[in-house]
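We name chains A, B, ... by the order of the sequence lines, and we start the count at 1 in each one. Remember, it's a predicted structure, so these values are computed and weren't measured experimentally.
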Number of protein chains: 2
Amino acid sequence: MPTILIVDDEDDIRELIAVNLMREENYKLLEAKDGLEALDLSKNKKPDLIILDLMLPEMDGVKVYKKLRDDVRTESIPVIMLTARGRLEEKIAGLEMGADDYMPKPFSPKELMLRVRNLLRRSNPNHGGNLIESGPFSLDKSALKLHLEGEEIELTATEFKLLLSLIESPGITQERGDLLRKVWGYSDMIQTRTLDTHIKRLREKLGGFGEAIETVRGVGYRFSEA
Amino acid sequence: MPTILIVDDEDDIRELIAVNLMREENYKLLEAKDGLEALDLSKNKKPDLIILDLMLPEMDGVKVYKKLRDDVRTESIPVIMLTARGRLEEKIAGLEMGADDYMPKPFSPKELMLRVRNLLRRSNPNHGGNLIESGPFSLDKSALKLHLEGEEIELTATEFKLLLSLIESPGITQERGDLLRKVWGYSDMIQTRTLDTHIKRLREKLGGFGEAIETVRGVGYRFSEA
DNA sequence: TGAATCCGTGACAGTTTTGTCACTGCTATA
DNA sequence: TATAGCAGTGACAAAACTGTCACGGATTCA
């Protein structure tokens with residue numbers, strides 16, 4: 001759950017952004033009205049992303065940005081700059097400073113969402129090693145959940161381990177004994193129907209994508225990325 | 001569960017190794033009596049580690065080793081060479097060829113175990129991104145288990161997610177709301193005793209190490225690596 | 001085609017997990 | 001020291017999870 005810091009002196013703009021961010025994703029928000037507050041929050045709460053209006057009272061956005069970049073605690077946080085349309089010099093200044101992205105005002109909330117999502121993905125690839133992806137499948141090892149085409153699918157602990165075992169070796173047939181060992185810790189006991197039952201439950205939860213788990217008769221199962 | 005290929009023409013040595021490997025760890029074993037069989041198995045079953053006796057009928061171990069290294073499918077598999085004591089020329093030849101380790105015969109099973117474990121750890125660091133370690137804690141994201149000072153501790157799905165959340169930000173205090181969001185997906189509902197109860201259960205399972213989860217009164221909890 | 005295997009499936013009961021609650025104990029502050 | 005707020009704890013019932021089994025369908029091979 002990434003934390004996003006919104007820095008703008010206009011209440012309604014902060015509100016607009018906040019509402020749109022909260023709608024689609026599970027973000028945590030921080031807000032700041034001026035540069036000093038922004039710098040303070042950035043150091044103490046360390047957001048994953050900053051949305052920074054360049055027009056600020058007291059200390060302008062460019063100054064804030066430079067101060068952020070000068071501190072080891074904040075230098076790597078990606079920043080999206082908000083700038084009034086047509087103020088080209090600001091835009092150029094922003095890009096030259098190495099800003100990660102900028103948005104001219106007035107902006108489309110949808111577009112902002114997309115940029116936020118992209119930047120977060122870029123700066124935090126793989127969700128800290130907790131995401132394993134294969135085709136449309138995205139397994140979250142920290143939440144024990146599966147994301148499949150935008151849908152979030154709850155898995156039980158056993159289902160999760162089983163799917164992870166399969167998905168970690170795409171295209172490779174895993175013998176029944178292997179899977180029983182990996183998931184259940186069984187050392188022998190091949191003559192059990194437990195594996196089949198759990199495969200069935202998994203396939204059910206995967207809906208149409210259940211076919212990604214292929215049966216290899218007499219051997220075991222294989223995950224094939226679509 | 002790593003696969004280990006034992007290559008030796010003497011039945012009793014293979015047996016000796018097998019028995020010792022199986023005793024302490026959860027390895028899967030393959031066995032080969034001669035060089036041809038070894039090469040065949042290496043390509044088709046792809047072991048994570050090979051224990052190779054240099055004295056083999058037909059094709060000697062050095063030749064087998066060279067062939068392994070010449071094939072992209074097997075070149076990165078670590079090899080432990082077994083060599084008769086005092087045959088210094090073999091020892092040197094082995095090391096020069098880039099062998100990963102060697103053991104003079106007769107060898108101590110215990111020592112062999114240690115070398116196996118070390119090599120596997122070295123060649124497969126982090127268990128493929130599934131291990132997260134902090135002090136004596138080692139969380140296995142694929143098995144949903146905790147290893148603590150050699151002991152294996154079973155965790156429920158909720159306990160696992162909670163401990164992972166804490167352990168991923170060592171030293172950082174996480175607010176009650178944050179943890180509730182991360183682990184349970186609650187968006188508000190701070191006034192619940194659920195978190196406390198699960199913290200208690202976790203601490204119990206951690207035994208003496210339960211103190212690693214510190215209470216920050218009025219705020220939340222913090223994991224501190226010992 | 002027929003026999004033998006192997007796999008898919010639905011039902012079910014035992015077990016484990018889970019969240020809640022009431023109560024107790026602790027800590028900070030005045 | 002008194003008080004209020006917060007955290008720890010044990011018990012409990014509901015819910016979820018899990019493994020097993022019997023049966024039926026599918027596949028392989030002779």
Side-chain angles (χ1 to χ4, degrees), chain A residues 143-146 152-166 173-223, chain B residues 143-146 153-166 173-224:
Chain A
L144 304 185
K145 275 181 196 159
L146 170 68
E152 193 175 279
I153 299 178
E154 300 273 355
L155 299 176
T156 71
T158 307
E159 286 159 2
F160 178 85
K161 284 187 275 186
L162 179 55
L163 182 56
L164 183 60
S165 295
L166 289 167
T173 301
Q174 312 216 38
E175 300 175 18
R176 297 179 139 263
D178 283 344
L179 290 168
L180 285 169
R181 264 190 297 280
K182 278 196 221 178
V183 177
W184 284 271
Y186 291 175
S187 52
D188 37 18
M189 191 180 325
I190 316 284
Q191 77 303 356
T192 179
R193 211 111 292 280
T194 300
L195 173 58
D196 306 65
T197 301
H198 279 274
I199 288 281
K200 174 192 177 266
R201 289 170 183 161
L202 244 185
R203 282 174 171 160
E204 267 172 14
K205 288 202 179 176
L206 300 188
F209 292 93
E211 299 169 9
I213 301 177
E214 300 172 358
T215 304
V216 182
R217 194 180 167 82
V219 184
Y221 295 92
R222 174 178 51 212
F223 177 83
Chain B
L144 303 183
K145 275 182 196 158
L146 170 68
I153 298 178
E154 300 273 355
L155 300 176
T156 70
T158 307
E159 286 160 1
F160 179 85
K161 284 188 275 187
L162 179 55
L163 182 55
L164 184 59
S165 295
L166 289 167
T173 300
Q174 312 216 37
E175 300 174 18
R176 296 174 71 86
D178 284 344
L179 290 169
L180 284 168
R181 263 190 298 280
K182 279 197 222 179
V183 177
W184 285 270
Y186 291 174
S187 52
D188 37 19
M189 194 179 324
I190 316 282
Q191 77 303 355
T192 178
R193 214 109 290 284
T194 300
L195 173 58
D196 307 65
T197 302
H198 279 273
I199 288 280
K200 175 190 176 270
R201 289 171 182 159
L202 243 186
R203 282 172 170 159
E204 267 172 15
K205 287 201 179 176
L206 300 188
F209 292 94
E211 299 169 9
I213 301 177
E214 299 173 0
T215 303
V216 182
R217 195 181 169 82
V219 184
Y221 295 91
R222 175 177 52 213
F223 178 83
S224 72

Between [N] and [X], is there an OP1 or OP2 to side-chain N/O distance shorter than 4.0 Å?
X	N	result
B:Tyr221	D:dC6	no
A:Arg176	C:dC7	yes
B:Thr197	C:dT20	no
A:Thr194	D:dT20	yes
B:Trp184	C:dT18	no
B:Thr158	C:dT17	no
B:Lys200	D:dA7	no
B:Thr192	C:dT20	yes

From [atom1] ([X]) to [atom2] ([Y]), nearest 0.5 Å:
X	Y	atom1	atom2	value
A:Phe223	A:Gln174	CZ	CD	11.0 Å
A:Tyr221	A:Leu179	OH	CG	9.0 Å
B:Thr173	B:Asp178	OG1	CG	10.5 Å

Please name the residue in the list B:Thr192, B:Val216, B:Asp196 that meets the side-chain contact (heavy atoms from CB on, under 4.5 Å) test with B:Arg176.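 Of B:Thr192, B:Val216, B:Asp196, side-chain contact (heavy atoms from CB on, under 4.5 Å) with B:Arg176 is met by B:Asp196 alone.
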
Would you be so kind as to tabulate the donor-acceptor pairs closer than 3.5 Å made by side chains of residues 203-214 of chain B, with sequence neighbours excluded?
residue  : atom : partner  : partner atom : Å
B:Arg203 : NE   : B:Ile213 : O            : 3.3
B:Arg203 : NH2  : B:Ile213 : O            : 2.8
B:Arg203 : NH2  : B:Thr215 : OG1          : 2.8
B:Glu204 : OE2  : B:Lys200 : NZ           : 2.7
B:Lys205 : NZ   : B:Glu154 : O            : 3.0
B:Lys205 : NZ   : B:Glu159 : OE1          : 2.8
B:Glu214 : OE1  : B:Arg222 : NE           : 3.0
B:Glu214 : OE1  : B:Arg222 : NH2          : 2.9
B:Glu214 : OE2  : B:Ser224 : OG           : 2.9

Could you check which of [options] has an atom nearest any side-chain atom of [X]?
X	options	result
B:Arg193	D:dG19, C:dC21, C:dC26	C:dC21
B:Arg217	C:dT27, C:dT9, C:dT18	C:dT27
B:Thr156	C:dT18, D:dC21, C:dG19	C:dT18
A:His198	D:dA7, D:dG19, C:dG8	D:dG19
B:Asp196	C:dT20, C:dT18, D:dG8	D:dG8

Validation row: A:Val183, A:Leu164 side chains within 4.5 angstrom (heavy atoms):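 With C-beta onward as the side chain, the pair stays apart.
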
Is A:Leu146 close to A:Phe160 at the side-chain level, that is, under 4.5 Å between some pair of heavy atoms?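 Result no, sub-4.5 Å side-chain heavy-atom pair not found.
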
For B:Ile199 and B:Leu162: C-alpha separation, side-chain torsions, deciding distance, then whether side-chain contact (heavy atoms from CB on, under 4.5 Å) applies. CA-CA 8 Å; B:Ile199 288 280; B:Leu162 179 55; 4.0 Å; yes

May I have the distance from [X] (atom [atom1]) to [N] (atom [atom2]), rounded to whole angstrom?
X	N	atom1	atom2	result
B:Lys161	C:dG19	NZ	C1'	14 Å
A:Leu155	D:dC17	CG	C1'	13 Å
B:Lys205	C:dT18	NZ	C1'	12 Å
B:Glu154	C:dT17	CD	P	9 Å
A:Arg201	D:dT20	CZ	P	11 Å
B:Glu159	C:dT18	CD	P	7 Å
A:Leu144	C:dT18	CG	C1'	15 Å
B:Leu202	C:dG19	CG	P	13 Å

How would you label the contact of A:Arg203 with the nucleic acid (heavy atoms, under 4.0 Å): base, sugar-phosphate, or nothing?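 The residue A:Arg203 makes sugar-phosphate contact but no base contact.
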
Could you tell me, to 10°, how much the axis swings from one end of the helix from C:dT1-D:dA30 to C:dA30-D:dT1 to the other, five pairs per end?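 Rounded to the nearest 10 degrees, the bend comes out at 50°.
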
